[in-house]
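Side chains included, hydrogens not; waters and symmetry mates left out as well; all remaining heavy atoms used. Please read all numbers here as calculations on a predicted model, not as lab measurements. Naming convention: chains lettered A, B, ... in sequence-line order (proteins, then strands); numbering from 1 in each chain.
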Amino acid sequence: MHKGHTWERVITAIPYLWLFLFFLLPFAIILKISLADPVIAQPPFTPMFDEQGNLSVSFDSFIFLLTDKLYAITYFKSVMLAASATMLCLLLGFPMAYGIARSEPTTRSILLLLIVLPFWISFLLRVYAWMGLLNNYGVINNMLMWIGAIDQPIQFMYTDFAMLIGMTYSYLPFMVLPLYATLERMDLDLVDAAQDLGATRTGAFWDITWPLARPGVIAGCLLVFIPAMGEYVIPYLLGGGESLLIGRVLFDEFFVARDWPLASSVAIVLLLILVVPIMLLQRYQARDAENA
Amino acid sequence: MQHRSRFLLTVLSFGYAFLYIPLISVVFYSFNKSSLATVWGGFSLRWYGELFRNDQVLEALALSLQIAATSATFATILGTMAGLVLVRFGRFRGRTLFSGMIVSPLVMPEVITGLSLLLLFVSLQQLIGWPAQRGFSTITIAHTTFAMAYVAVVVQSRLTSMDESLEEAAMDLGCRPLRVLFDITLPLIVPAMVAGWLLAFTLSLDDLVIASFVSGPGGTTLPMYIFSKVKLGVTPDINALASLIILIVSVGLLLSWAAMRKRSS
Amino acid sequence: MIEAANPDSFIRIRGVSKHFGDFVAVDDINLDIQKGELFAILGGSGCGKSTLLRMLAGFEEPTSGTMEIDGVDVTRQAPYERPVNMMFQSYAIFPHMNVEKNIAYGLRKERVAANEVDERVSDVIRLVQLDDFRARKPDQLSGGQRQRVALARALIKQPKVLLLDEPLAALDKKLREHTQFELMNIQDELGITFIVVTHDQEEAMTLSTRIAVMDRGRFLQVGPPKEIYEYPKSRFVADFIGTINTFEGRVTSAGDETISVDCPDVGVEVRALCTEDVKVGQDVCVAVRPEKIFISREEPEEDEGVRVRGIVDDLGYLGNLSLYRIHLETGRMIQVSRQNRRRSHKRFVEWDDKVWLSWRPRSAMIIQGDD
């Protein structure tokens, strides 16, 4: 090919520069500030080079993060909650995706549309919808009291349970869609062939369907787990004041406590936790793009 | 088979009920006359009326729409360029970094993207005095950055599935490469660009977290306004607002779905 | 296998190689093609034929070597500057333009005047018989019609050379035969030099005036179809074009025209016509095409060729001919084919029948060389 046209370089340079300036550079800045000390000033952190031009780097924020029990609990709880939501999404999403992939073409496209629809409705409003259901005087409690199952409202709101429901609800489509994509591609004859060769229906599922669906399972789980880890809206609206999830702590540390170095360190540690899942996901997506 | 499909049917019904009951209940309570959001007080359109008289809502909506349209347009231009670079321009120095930067915003938790961009804007302000004020411009830049990744992915997959010999044929027939881009490549990826624009527009309209980070006083987008209200609990006028959004999205999506089905049959 | 340099050849390829990293796709190719030839490059997938074609079109730049067309060095010319047009395997018809716009595209790029464009488009549309489809969009065309649009689009610029990448691969068998002859007629009418790349030996044999058999980036043999079939220079070529029985052996005597070879596989001495220089004691390979072997129940009359006994191991009826696999007493299996001239329910021979095989010395060929 005849390469190196000027216009090709221009077309390359424009998005490159944009991403460099607004994606890469900001990360360098986070890293820089995480190594500073907080001060009461504007901006509220020590410069990287003092007046004499000496490098001043402080790991205090990271040391604080690693030694403070509260942060350990917060990270642990975030991981547990995100992992539980991922499992719930998988348990519900897999049979759903399977059912959609095996339905009639017309029904299938309607069912898919209904999965995609919530995507386009504001995330915030979908979480908000649950507030109306889970409230002490919300739809669910009203219903339960009306049928006489309980006589005191159950405290759903501001519990881990509410956050779990919220996460499962919000991220379910992220699980169903990649699962559907792999299941739909799967040749149905394979399952028939396995049964023809003597596998039971359950056997054929574990021997054929599950291994072939694995790429979709992995992608779906990562697509749920990664954003759930950094979730901010759900702990705020459904988790109440005491709910310490990492996304919310980061926000509060920055805007309420105004400890920028600590907030930056929190972000970097979160990123470190997510590095492996993120790279897994990117590898999967690259492979998927090749196969498609 | 009977047993199996009954199980699937049950799960599907439960799953869709789970997805839609909350939305339906919001729409239902938006017609509630009572100002206590969850106590039924009879049918009324009162809250819709109040919504349209609420200047704060209208202002926030206008700002959100402006930001969404602007950032979607920029994101489509930049994302299309990026998609072209990745699929068609072959290898060049720094390509790995480039493709890494393109896909990373897709998987980056919003709080991190938001915080990093805010810190950038603060640093820039100290260094060069820009942006003097955070709001429209900073949110637009932030939304452009993460939405261009989505556009790039959509354009990229369209380009990959496109027969490269179409472009070679044009060149073979005497067309210069830059002209090929306008004669052949761009017309064929227009659907992907439109889809990308819509996606970017929606993402921008939806975003709360990143906007909350990079916005300043006065720059209140619609999600930010809604969030500030619902932090305190369920309110009937937000129910009305949510219902309107659900209605608009559903109708829009249904129409495009019907159009797509008609075209494919 | 360097051909004698021809001073007035129309296309001249000299020492062209193409490397992709460590992989050598095209390895030092030399080729001369005359004006008006219909030249076929034949080879399996990955043999480098498409890369060679793409270098002629200008989509790949040779790692080394030069290419001239009509006396002009085009090695470094961009595709849009070359007097060459290509018909793509996928046809590459622009989906957003109708038939007419597709065909006119090349002329528009040349900035030909509008009325001349119209005239030439009409001419070429008539040539490929697409008059009724001018305004159709590509997705409303059948496979054969798309093929003709692609052909018309490439022809309209009156290129010096037309490159065709697997021109018939996407068509079904009936249409393929019909189109084959149509292509030949058009080529005959316009006198444009055609270079066809194909993996289909039948296509290459019927279409072309000359064939180059290619393997692993090199030309193994270049010549007219008949020569390639009847006088293959290597086992690969013999095997690639049609079916062939080959026997290893050692030369026992060499006369002026015929030689005798002792082939342990056959069990008897094989006499074969040989014009090449072969010495007694040399190891050679004797090759016989299945249709050149006679099969009979009775012992054939004495002749100076080969007579050998065997048992019918398998037979297959193909309609116009029947195929037999004969088990020789030495254990060797031989393929024989026989025209079914007569209409009959009865089989000529049955499984496990004892039969005689025979062939004439001039039917057998001697292949020297290692592969």
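With rounding to the nearest 0.5 Å, the separation of CD1 in A:I30 from CG in B:L119 is 5.5 Å. Atom CD1 of B:I238 sits about 6.5 Å away from atom OH of A:Y128, to the nearest 0.5 Å. Atoms CG and CH2, from B:L198 and A:W120 in turn, are 5.5 Å apart once rounded to the nearest 0.5 Å. From A:L24, atom CG reaches atom CE of B:M101 across 5.5 Å, with rounding to the nearest 0.5 Å. In this structure, CG on B:L205 lies 9.0 Å from OG on A:S122, to the nearest 0.5 angstrom. Put simply, CD1 on A:I11 and CD1 on B:I77 are 12.0 Å apart, with the number rounded to the nearest 0.5 Å.
Within the 4.5 Å cutoff, side-chain heavy atoms of B:F14 are placed close to those of A:L92. A 4.5 Å side-chain heavy-atom check between A:L117 and B:Y20 finds at least one atom pair inside the cut-off. In this structure, the side chains of B:S212 and A:F251 come closer than 4.5 Å at one or more pairs of heavy atoms. Contact of the B:T113 side chain with the A:F27 side chain is not registered, since no non-hydrogen atoms from C-beta on lie closer than 4.5 Å. A 4.5 Å side-chain heavy-atom check between B:V122 and A:W260 finds at least one atom pair inside the cut-off. The shortest distance between side-chain heavy atoms of A:E8 and B:L178 does not fall below 4.5 Å. Using a 4.5 Å heavy-atom cutoff, the side chains of B:E110 and A:P227 are not in contact. The shortest side-chain heavy-atom distance between A:F23 and B:S116 does not fall under the 4.5 Å cut-off.
Heavy-atom pairs under 4.5 Å with chain A peak, among B:I248, B:L199, B:L203, at B:L199. Considering only heavy-atom pairs separated by less than 4.5 Å from chain B, the leading option among A:V266, A:L223, A:I115 is A:I115. For the set A:G230, A:A129, A:P15, the entry with the most heavy-atom pairs within less than 4.5 Å of chain B is A:P15. The greatest number of non-hydrogen atom pairs below 4.5 Å with chain B, out of A:L222, A:L114, A:V127, is found for A:L114. Most heavy-atom pairs under 4.5 Å with chain B: of the set A:I110, A:L111, A:I14, A:L172, this distinction falls to A:L111. Chain A forms more heavy-atom pairs under 4.5 Å with one residue of B:L19, B:L181, B:L117 than with any other, namely B:L19. Considering only heavy-atom pairs separated by less than 4.5 Å from chain B, the leading option among A:L113, A:L271, A:L250 is A:L113. Of the listed residues A:E231, A:M96, A:R102, A:M157, the one with more heavy-atom pairs under 4.5 angstrom with chain B than any other is A:M96.
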Open item on the list: Walk me through whether B:D207 and A:F123 qualify under side chain to side chain contact (heavy atoms under 4.5 Å, CB included).
Closed with: CA-CA 8 Å; B:D207 170 66; A:F123 182 86; over 6 Å; no

- [ ] Could you go through the ring pair (Phe, Tyr, Trp, His ring centres under 6.0 Å) check for A:Y232 and B:F227 one step at a time?
- [x] CA-CA 11 Å; A:Y232 166 75; B:F227 189 62; 5.8 Å; yes

TODO: Give the C-alpha distance, both sets of side-chain angles, the deciding distance and a yes or no for side chain to side chain contact (heavy atoms under 4.5 Å, CB included) between B:L118 and A:F254.
DONE: CA-CA 11 Å; B:L118 171 59; A:F254 190 89; 3.1 Å; yes

Task: Verdict with reasoning, B:F18 to A:W130, per ring pair (Phe, Tyr, Trp, His ring centres under 6.0 Å) - done: CA-CA 11 Å; B:F18 179 60; A:W130 277 96; 5.7 Å; yes

- [ ] Give the intermediate values and the outcome of side chain to side chain contact (heavy atoms under 4.5 Å, CB included) for residues A:L125 and B:L241.
- [x] CA-CA 9 Å; A:L125 289 177; B:L241 181 59; 5.7 Å; no

- [ ] Start with the C-alpha gap between A:W18 and B:I141, add the side-chain angles, then the distance that decides, and say whether side chain to side chain contact (heavy atoms under 4.5 Å, CB included) holds.
- [x] CA-CA 10 Å; A:W18 182 282; B:I141 288 173; 4.1 Å; yes

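Within a 6.0 Å radius of CD in B:Q126, more than 12 heavy atoms belonging to other residues, nucleotides or ligands are found. More than 12 heavy atoms of other residues, nucleotides or ligands shown are found within 6.0 angstrom of CH2 on B:W130.
Of all the heavy atoms in B:S25 and A:L133, the pair that sits closest is OG-CD2, 3.5 Å. Smallest separation of non-hydrogen atoms from A:A263 and B:L115: O-CD2, 3.8 Å.
For a residue to count as touching a neighbouring chain, one of its non-hydrogen atoms must lie under 4.5 Å from one of that chain's; by this rule A:S264 touches chain B with backbone and side chain alike. Using a 4.5 Å cut-off between heavy atoms, A:F255 contacts chain B through its side chain alone, with no backbone atom that close. Interface residue A:I33: only side-chain heavy atoms are found under 4.5 Å from chain B. With a 4.5 angstrom heavy-atom cutoff, B:V26 touches chain A only via side-chain atoms. In this structure, chain A has heavy atoms under 4.5 Å from both the backbone and the side chain of B:L253. For chain A, the nearby parts of B:V249 are the backbone and the side chain; heavy atoms of each come within less than 4.5 Å. Both the backbone and the side chain of B:S250 come within contact range of chain A, each with at least one heavy atom under 4.5 Å from a heavy atom of that chain. Residue A:L237 touches chain B through its side chain alone, counting heavy-atom pairs closer than 4.5 Å. The parts of B:S104 that come within reach of chain A are both its backbone and its side chain, each placing non-hydrogen atoms under 4.5 angstrom from that chain. In this structure, no portion of B:L86 lies under 4.5 Å from any heavy atom of chain A.
Ring geometry, A:F22 versus B:F121: the interplanar angle falls from 30° to 60°, so the pair is classed tilted.
Taking 4.5 Å as the heavy-atom cut-off, none of the residues of residues 149-159 of chain B approach chain A.
Shown here are the side-chain contact (heavy atoms from CB on, under 4.5 Å) partners of A:L274, two or more places apart in sequence or in another chain: A:F225, A:I226, A:M229, A:L270, A:P277, A:I278, B:P109.
Here the options are B:L97, B:I102, B:L78, the test is side-chain contact (heavy atoms from CB on, under 4.5 Å), and the partner is A:Y16; only B:L97 passes.
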